[in-house]
Amino acid sequence: GENVEQHPSTLSVQEGDSAVIKCTYSDSASNYFPWYKQELGKGPQLIIDIRSNVGEKKDQRIAVTLNKTAKHFSLHITETQPEDSAVYFCAASETSYDKVIFGPGTSLSVIP
Amino acid sequence: DTAVSQTPKYLVTQMGNDKSIKCEQNLGHDTMYWYKQDSKKFLKIMFSYNNKELIINETVPNRFSPKSPDKAHLNLHINSLELGDSAVYFCASSPPGANVLTFGAGSRLTVL
């Protein structure tokens, strides 16, 4: 089955700097890669996703890149703000009805 | 209006007891899930129902029994609770043809 790894497990950046979180997946059949943000005491919330027919996607300060050959995908947050502090999860899924497998999470702290 | 609502939010109980967690979604989604988040924040899928039919059943002890009376509700019953069952349980739902997950706020179960 699919296995998703994520690095780093913790990340601390100064406000205004960029943050990058990297993930790898094992199943070459996976074609959907969402990213979720979990704030303290809340459920994870989808912030951006990318499908395998696209190499990069951007939404304001966040962007995701996908390298299907290397089975890598990354989340980039620019101009970080204190409210970006949260746990971020990458995930992978094979089909629209298949289970979504999550990475172990990255705890991001943005220092004002 | 809360899209995916779970009750109770907190549950403290003794080993050996039986407890239930309820989940309801008002998004009109066809698929609902239960995920378990352990103390290290790792999110693991347990079950998935599509239109009241069980479609994903991970390696979960038989003590856990999901029930979906209709597509808007998915409940989780746990028999003979063990210390290792202590975790946050998240309900989620997704629309037809896509596994974009909307999570509830979670139910924190503590087994003493």
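Hydrogens, waters and symmetry mates are skipped; everything else that's a heavy atom, side chains included, is used. Chain identifiers are assigned alphabetically (A, B, ...) following the order of the sequence lines, protein sequences preceding nucleic acid strands; residue numbering begins at 1 within each chain.
- Using modelled atom types, one finds a donor on one side chain and an acceptor on the other under 3.5 Å when comparing Asn50(B) with Thr31(B).
- Applying a 4.5 Å heavy-atom cutoff, none of the residues of residues 62-72 of chain A approach chain B.
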Inset, instruction - Please step through ring-ring contact (aromatic ring centres under 6.0 Å, His included) for the pair Phe47(B) and Phe64(B), ending with a clear verdict. - result: CA-CA 10 Å; Phe47(B) 302 102; Phe64(B) 289 79; 7.3 Å; no

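- At a 4.5 Å heavy-atom cutoff, the contact between Glu58(B) and chain A is made by side-chain atoms alone.
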Inset, instruction - Tell me, with the steps shown, if Tyr35(B) and Phe103(B) meet ring-ring contact (aromatic ring centres under 6.0 Å, His included). - result: CA-CA 9 Å; Tyr35(B) 275 83; Phe103(B) 282 88; 5.6 Å; yes

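- Only the side chain of Ile45(B) comes within contact range of chain A, with heavy atoms under 4.5 Å apart.
- Of the options Met32(B), Gln25(B), Glu24(B), a side-chain contact (heavy atoms from CB on, under 4.5 Å) to Cys91(B) is made by Met32(B) and by none of the others.
- Side-chain contact, Asn79(B) with His77(B): a donor N or O sits under 3.5 Å from an acceptor N or O.
- If you check the side chains of Ser93(A) and Asn99(B), you find a donor sitting under 3.5 Å from an acceptor.
- Contact of Pro44(A) with chain B is made through backbone and side chain together, with heavy-atom distances under 4.5 Å.
- Heavy atoms from other residues, nucleotides or ligands lying under 6.0 Å from NZ of Lys22(B) number 12 at most.
- Proximity to chain A is absent for every atom of Val88(B), based on heavy atoms less than 4.5 angstrom apart.
- Contact of Phe102(A) with chain B is made through backbone and side chain together, with heavy-atom distances under 4.5 Å.
- The two residues Asp85(B) and Leu109(B) come nearest to each other via the heavy atoms O-CD2, 3.6 Å.
- Taking 4.5 Å as the limit, some side-chain heavy atom of Phe73(A) sits within range of a side-chain heavy atom of Tyr25(A).
- Contact of Lys9(B) with chain A is made through the side chain alone, with heavy-atom distances under 4.5 Å.
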